[in-house]
Enquirer: 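For reference, the structure I am asking about is given below.
Proteins get letters first, then strands, A, B, ... in listed order; numbering begins at 1 in each. The figures here come from the full heavy-atom set of this structure, side chains too, leaving out hydrogens, waters and symmetry mates.
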2 protein chains.
Amino acid sequence: MSVEPLPNIDRSTLRERVLRALRSAITSGAYRPGDHLGEVELAGRLGVSRGTVREALRHLQQEGLVTAGHRGMLRVNTLSAEEIRGLFRVRAALEGLAVTEIIARPDRSAAVAALRAAVDELAGAGEDFAAKVEADLGFHVRLCELSGNPMLVESWRHLEGRIRVTIMNRDPEEAPAMMTPGRHAPIIEAIERGDLPGALAVVEEHMAAAADHFTSTPAR
Amino acid sequence: MSVEPLPNIDRSTLRERVLRALRSAITSGAYRPGDHLGEVELAGRLGVSRGTVREALRHLQQEGLVTAGHRGMLRVNTLSAEEIRGLFRVRAALEGLAVTEIIARPDRSAAVAALRAAVDELAGAGEDFAAKVEADLGFHVRLCELSGNPMLVESWRHLEGRIRVTIMNRDPEEAPAMMTPGRHAPIIEAIERGDLPGALAVVEEHMAAAADHFTSTPAR
DNA sequence: CTCCCTCCGACTGTCGACAGACTACCTGCC
DNA sequence: GGCAGGTAGTCTGTCGACAGTCGGAGGGAG
């Protein structure tokens with residue numbers, strides 16, 4: 001009998017695929033903040049039933065990507081400057097916990113190597129804006145994952161949608177300044193030194209700078 | 001024309017009411033961790049359609065109260081000891097941010113008064129286990145709310161379901177030791193003194209003790 | 001010209017039904 | 001007696017339809 005590799009069968013439900021499609025459409029900027037997301041229109045455009053779209057939209061609502069407006073109508077979420085500042089303070093707290101746990105772990109050097117690889121991806125993204133965003137967020141997710149605390153990852157991911165709309169709502173010309181290897185390297189170095197206070201301060205400063213950036217840069 | 005007070009009309013959707021009913025049923029212990037939650041059975045018991053129950057269940061899944069088992073079947077979530085420890089470390093990080101922001105605010109004394117009121121509720125709960133749980137969680141939610149950072153509250157609430165199943169999965173005879181006014185007062189005192197490092201240490205210790213408690217106490 | 005009433009269109013809320021997939025059991029053959 | 005194959009039962013996945021509610025356009029009365 002043949003042992004040829006068979007293609008992996010996609011076992012995801014239709015709802016999951018619709019969810020990914022909608023999330024991607026929003027975070028890629030195809031839908032602008034404030035845009036109305038009608039169930040019938042989306043269902044027709046995606047070729048699925050309303051119920052399926054509805055479940056995906058409800059999921060995105062809990063993620064904070066879309067928000068309920070008048071009469072339950074859903075719109076792409078818009079974050080105020082104050083919300084953005086709060087969001088990045090929460091991120092600082094979560095990622096501060098991440099570096100705390102990483103430094104406390106015995107395999108710290110492995111984590112450092114993984115983080116360096118993530119920064120390399122960021123450097124290799126070149127001028128591709130979308131790739132830069134993915135690499136930047138990839139670094140921070142990796143940071144949380146390396147803590148070995150799944151609940152921390154879960155909490156961070158709960159904020160991910162809001163982070164993405166914040167980034168995508170800004171002028172792509174302005175954003176790259178935040179997503180450079182140079183802004184992430186100090187975090188790794190502090191972890192490598194085992195310098196917990198220093199690492200916390202760097203993370204704090206990183207997030208404060210990002211919050212400043214996204215609240216001062218004009219929305220596109 | 002009469003200005004008599006009219007009763008408030010409940011504008012919540014059926015889905016929201018089902019959601020609250022299910023959440024309450026789980027966190028009150030009516031359903032035990034691991035119990036299967038069938039859509040048809042719940043729909044029949046609640047007298048609503050499957051779709052409505054389904055949406056509520058999906059919401060609870062995102063909250064972490066229920067988890068998908070084999071073939072998409074949902075069950076009441078069970079947290080491992082490791083997950084509980086991670087959960088309380090994330091809580092410590094979030095509530096640490098809360099006290100940080102409270103201490104930085106100009107109206108710190110108002111926050112102190114509000115927190116004292118919350119502790120009084122805890123003291124007044126007497127021996128009623130459910131009331132104690134509500135008062136305890138009420139204190140910690142209040143703590144987050146008083147930070148003035150809605151995103152922080154949102155993140156905390158995202159963990160609330162998991163916190164509740166952790167509490168309710170323990171023997172009610174053992175739990176009250178964690179939920180005393182004496183365990184919460186030091187947090188308030190440190191905030192009142194404006195002692196940020198002290199407040200952080202107290203929160204950290206509070207959460208570590210809770211995690212120890214819930215991972216050493218036998219599941220009922 | 002303005003205001004009010006009515007009708008129409010659009011959107012979400014809720015429901016019942018069909019289909020697909022997996023389990024467990026049961027039967028018949030070796 | 002054991003195993004392969006078939007077969008009912010049960011659960012979720014997905015769909016289409018009906019109903020309720022709101023906003024706005026349009027027409028008629030003052």
Side-chain angles (χ1 to χ4, degrees), chain A residues 1 6-23 25-26 30-78, chain B residues 1 6-26 31-78:
Chain A
M1 175 178 171
L6 287 169
N8 287 338
I9 306 298
D10 181 14
R11 296 279 290 167
S12 65
T13 66
L14 188 55
R15 179 190 130 266
E16 291 173 312
R17 295 194 294 272
V18 168
L19 173 60
R20 281 195 292 268
L22 288 178
R23 183 163 32 211
I26 294 174
Y31 288 97
R32 308 288 319 145
D35 280 0
H36 169 61
L37 298 173
E39 295 177 359
V40 277
E41 182 197 334
L42 293 174
R45 190 172 302 190
L46 292 166
V48 300
S49 90
R50 251 189 68 213
T52 305
V53 170
R54 186 183 175 81
E55 285 189 25
L57 285 174
R58 283 268 127 75
H59 193 105
L60 293 175
Q61 184 181 7
Q62 240 174 317
E63 281 186 8
L65 249 82
V66 307
T67 184
H70 189 56
R71 223 185 121 54
M73 295 205 198
L74 297 177
R75 338 160 56 82
V76 178
N77 197 4
T78 312
Chain B
M1 175 178 172
L6 287 170
N8 286 337
I9 305 298
D10 182 14
R11 295 280 289 167
S12 65
T13 65
L14 187 57
R15 179 191 130 266
E16 290 172 312
R17 296 193 293 272
V18 168
L19 173 59
R20 280 194 293 268
L22 288 178
R23 188 190 287 133
S24 168
I26 294 173
Y31 288 97
R32 308 287 319 144
D35 281 0
H36 170 60
L37 298 174
E39 295 177 0
V40 278
E41 181 197 335
L42 293 174
R45 190 172 301 191
L46 293 167
V48 300
S49 91
R50 252 189 68 214
T52 305
V53 170
R54 186 183 174 81
E55 285 189 24
L57 285 174
R58 283 268 127 75
H59 193 105
L60 293 175
Q61 184 180 9
Q62 239 173 319
E63 281 186 8
L65 248 81
V66 306
T67 183
H70 188 53
R71 224 185 117 54
M73 294 204 199
L74 297 178
R75 340 163 57 82
V76 178
N77 197 4
T78 311

Enquirer: For a quick test of reading the model, state the closest non-hydrogen atom pair linking Val66(B) to Leu57(B) and the distance between them.
Expert: CG2-O, 3.8 Å

Enquirer: First contact, last contact: which nucleotides of DNA chain D are these for chain B, 5' to 3', heavy-atom distance under 4.0 Å?
Expert: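 Terminal contacting nucleotides, 5' to 3': dC11(D) to dC22(D).
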
Enquirer: Where is the tightest heavy-atom contact between Ala56(B) and Val18(B), given as atom of each residue plus distance?
Expert: CB-CG1, 3.8 Å

Enquirer: At their closest point, which heavy atom of Val53(B) faces which heavy atom of Ala43(B), and how far apart are they?
Expert: CG2-CA, 3.6 Å

Enquirer: Which pair of non-hydrogen atoms, one from Val40(A) and one from Arg50(A), has the smallest distance, and what is that distance?
Expert: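 Scanning both residues, the minimum pair turns out to be CG1-CD, 3.6 Å.
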
Enquirer: Are side-chain heavy atoms of Leu60(A) and Leu74(A) found at a separation under 4.5 Å?
Expert: no

Enquirer: Could you pull out the protein-nucleic contacts involving nucleotides 18-21 of chain C (nitrogen or oxygen on both sides, under 3.5 Å)?
Expert:
from: dG20(C); atom 1: N2; to: Arg71(B); atom 2: NH2; distance (Å): 2.8

Enquirer: Rounded to the nearest 0.5 Å, what separation is found between the CG atom of Leu19(B) and the OG1 atom of Thr13(B)?
Expert: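 That separation rounds to 8.5 Å.
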
Enquirer: Heavy atoms only, 4.0 Å cut-off, all strands: where does Leu74(B) land among base, sugar-phosphate and nothing?
Expert: nothing

Enquirer: Taking all atoms of both residues into account, what is the closest heavy-atom pair of Arg54(A) and Glu39(A), and its distance?
Expert: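 Distance-wise, the nearest heavy atoms are NH1-OE2, 2.9 Å.
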
Enquirer: Who pairs with Ser12(A) by side-chain contact (heavy atoms from CB on, under 4.5 Å), at least two apart in sequence or on another chain?
Expert: Asp10(A), Glu16(A), Arg17(A), Arg20(A)

Enquirer: Using a 4.0 Å heavy-atom cut-off, does Gly38(A) contact any base of the nucleic acid, only the sugar-phosphate backbone, or nothing at all?
Expert: sugar-phosphate

Enquirer: Is there side-chain contact between Glu55(B) and Arg58(A), with heavy atoms separated by less than 4.5 Å?
Expert: yes

Enquirer: As an exercise, state the distance from OG1 of Thr78(B) to CG of Asp35(B), rounded to the nearest 0.5 Å.
Expert: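 Between atom OG1 of Thr78(B) and atom CG of Asp35(B) there are 9.0 Å.
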
Enquirer: Listing request: all salt bridge (Lys or Arg N to Asp or Glu O under 4.0 Å) pairs with a residue in residues 63-75 of chain A, at least two apart in sequence or in separate chains.
Expert: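 Listed by first then second residue: Arg23(A)-Glu63(A).
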
Enquirer: Please give, in whole Å, the distance from dT23(C) C1' to Met73(B) CE?
Expert: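 Nearest whole value for this atom pair: 8 Å.
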
Enquirer: With the side chain counted from C-beta on, respond yes when Leu46(A) and Leu22(A) share a heavy-atom pair under 4.5 Å apart, and no when they do not.
Expert: yes

Enquirer: Just to be sure I understand the geometry, which residues of residues 52-70 of chain B put a non-hydrogen atom under 4.0 Å away from DNA chain D?
Expert: Arg54(B), Arg58(B)

Enquirer: So if I take residues 39-49 of chain A and measure heavy-atom distances to DNA chain C, which residues fall below 4.0 Å?
Expert: Glu39(A), Val40(A)

